[in-house]
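In what follows, every heavy atom counts, from backbone to side chain, and hydrogens, waters and symmetry copies are set aside. Letters A, B, ... mirror the listed sequences (proteins, then strands); counts begin at 1.
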2 protein chains.
Amino acid sequence: MESRCENCIVRQFNSLRAMSKEELKKVSDAKVFKKVKKGEPLFEEGQKLDGVFCVRDGVSKLSKLSTNGKDQVVKLATKGAVIGQRSVIAGEHTNLSAVAVNDMEICFVPKENILNTLQKNPEYAVEVLRHMAHDLKEADDVIVNMSQKTVKQRIAEAFLYLQQNFGVDKEGFLALTLSREDISSVVGTATESCIRIISEFKKKGYLETSGKRIKIADEKGLQELVQGF
Amino acid sequence: MESRCENCIVRQFNSLRAMSKEELKKVSDAKVFKKVKKGEPLFEEGQKLDGVFCVRDGVSKLSKLSTNGKDQVVKLATKGAVIGQRSVIAGEHTNLSAVAVNDMEICFVPKENILNTLQKNPEYAVEVLRHMAHDLKEADDVIVNMSQKTVKQRIAEAFLYLQQNFGVDKEGFLALTLSREDISSVVGTATESCIRIISEFKKKGYLETSGKRIKIADEKGLQELVQGF
DNA sequence: GCTAAAACCTGACAAAAATCATATTCCTTC
DNA sequence: GAAGGAATATGATTTTTGTCAGGTTTTAGC
């Protein structure tokens with residue numbers, strides 16, 4: 001296993017690529033490699049973070065507890081994502097909790113490395129800014145979808161998103177398998193409604209299932225549904 | 001009217017306060033003061049912006065058109081806000097359109113000023129980053145509210161938000177008067193539903209109205225409703 | 001102050017989604 | 001491979017919300 005940040009491919013996908021060689025070296029010396037098992041938390045909502053997590057492998061769901069007691073997944077973070085950046089930069093407690101959706105490999109990077117580099121390396125600051133700007137745009141899109149689309153459309157969209165971002169296995173099933181309950185809290189609906197709609201999609205030939213694994217059978221059909229036909 | 005950025009109080013509320021004197025001077029020389037009448041657009045969704053808008057007075061709604069043809073207001077920008085920062089920094093077309101909710105006074109600042117300063121002044125970059133981090137957190141909260149709260153709760157919350165952020169006039173009415181339709185597109189609901197719920201709130205003594213003007217009569221009641229009682 | 005247009009309001013109905021209850025299947029663990 | 005628990009599935013019902021269709025009031029412009 002390659003253990004130096006300088007040679008880590010994952011870095012290409014995130015803001016760390018804008019760091020200088022020396023800065024990266026410091027990060028690499030300070031970082032702590034960690035394995036997190038499926039279902040285990042990286043951190044809880046309201047916690048103060050001492051650094052950020054760079055995802056080497058696996059997927060984490062970032063969610064927030066609503067006053068009605070239900071969890072809402074705000075984002076899925078996968079290979080290359082840097083988790084906790086927002087709170088570390090703002091110097092605030094986290095507004096989200098992070099839980100591993102499958103087995104993960106992550107590197108913890110102390111906040112000093114991040115904050116120092118931000119102050120000294122404008123290239124890096126601007127790169128982080130670009131990433132954050134992108135996240136903000138995505139968040140705007142989610143807001144519009146949540147408020148203007150039906151549950152059926154949002155579920156269809158979720159499957160297309162999963163296929164696009166995590167791909168499929170050899171048999172064509174979605175590579176990232178989420179429980180129906182997780183899908184519900186991504187989409188923001190009751191678990192029963194989610195299951196019901198998945199059944200409906202099966203009957204209509206949009207999806208095929210095998211246990212909890214799901215395969216998209218009619219991508220175009222789903223896309224049309226999202227657009228509102 | 002004070003026309004130099006260096007002396008503009010509005011600047012205290014936004015990221016421009018982290019600029020140096022010389023940088024600010026350049027901004028001041030380059031900026032263009034503008035008045036925008038109620039209902040007029042600052043820019044449209046999908047447009048490429050040549051700079052950002054600093055709000056001196058008035059309020060603008062930032063909204064996005066959904067595929068179902070309805071507008072969703074994502075944010076209300078008021079005195080001190082800098083509009084268009086996200087797209088200018090990401091170098092992308094705007095994902096939102098901006099329309100004046102009441103008469104506005106704004107300063108247009110060319111993007112070169114912003115981008116140059118970002119590259120040269122880390123203090124400024126970090127300050128912008130902090131603001132963007134804050135916006136991102138707010139967006140997360142909106143996502144959770146949209147998906148987990150009822151329309152009734154969201155409307156109650158909207159009024160509390162309006163009172164908190166824009167205050168009340170001498171008679172106690174909300175200082176920012178939005179049409180029922182605008183409220184609907186903030187909350188993400190049908191105009192009729194919005195009107196119906198406002199009527200209900202009146203009957204229950206939470207609100208009082210006079211024409212389109214609205215006064216919060218029972219703040220605590222509204223708060224409890226938002227919490228889910 | 002008059003008038004037209006826009007905004008607001010209300011009722012009746014339909015559709016969407018949540019909730020509650022109860023099967024059934026799947027998957028782990030012994 | 002059997003037992004038990006968790007996840008998935010489905011039915012019945014209620015609640016919430018949207019839509020359509022008509023009213024009334026307010027507001028802006030002359």
Starting from [atom2] on [N], measure out to [atom1] on [X] and report it in whole angstrom.
| X | N | atom1 | atom2 | value |
| --- | --- | --- | --- | --- |
| B:L207 | C:dC9 | CG | P | 11 Å |
| A:R180 | C:dC26 | CZ | P | 11 Å |
| B:I183 | D:dT17 | CD1 | C1' | 18 Å |
| A:I197 | C:dA16 | CD1 | P | 10 Å |
| B:E200 | C:dT10 | CD | P | 12 Å |
| B:K149 | D:dT17 | NZ | P | 13 Å |
| A:R213 | D:dA7 | CZ | P | 18 Å |
| B:N68 | C:dA15 | CG | C1' | 15 Å |

Measuring from the side chain of [X] (C-beta onward, heavy atoms only), which nucleotide among [options] has the closest atom?
| X | options | value |
| --- | --- | --- |
| A:R196 | D:dT17, C:dT19, D:dT19 | C:dT19 |
| B:K202 | D:dC20, C:dC9, C:dT19 | C:dC9 |
| B:T189 | C:dT19, D:dG18, C:dA16 | D:dG18 |
| B:E192 | C:dC20, D:dT19, C:dA17 | D:dT19 |
| A:I195 | D:dA9, D:dG18, D:dA21 | D:dA9 |
| A:K212 | C:dA17, C:dC9, D:dT8 | D:dT8 |

Margin query: Please classify the nucleic acid contact of B:T191 as base, sugar-phosphate, or nothing, using heavy-atom distances under 4.0 Å.
Written below: nothing
Check: Between A:C194 and A:V187, is any pair of side-chain heavy atoms under 4.5 Å apart?
Finding: no
Next item on the list: Decide yes or no for A:F159 and A:I183: does some side-chain heavy atom of the first lie under 4.5 Å from some side-chain heavy atom of the second?
Entry: yes
Check: Where each residue is assigned the nucleotide of DNA chain C containing its nearest heavy atom, which of A:R154 and B:E181 is assigned the position nearer the 5′ end?
Finding: B:E181
Next item on the list: Could you say whether B:S199 or A:A190 is positioned toward the 5' end of DNA chain C, judged by the nucleotide with the nearest heavy atom to each?
Entry: B:S199
Check: Are A:S15 and A:Q85 linked by a side-chain donor-acceptor pair shorter than 3.5 Å?
Finding: yes
Checklist line | Short side-chain donor-acceptor distance under 3.5 Å, A:K202 and A:T209 | finding: yes
Next item on the list: Ignoring backbone atoms, test whether A:S193 places a side-chain nitrogen or oxygen under 4.0 Å from the OP1 or OP2 oxygen of C:dA18.
Entry: yes
Check: Taking the nucleotide of DNA chain D with the closest heavy atom to each, which residue, A:L178 or A:S147, is nearer the 5' end?
Finding: A:L178
Item checked: Expected output: side-chain A:Q153 to main-chain A:V226 donor-acceptor under 3.5 Å -> yes
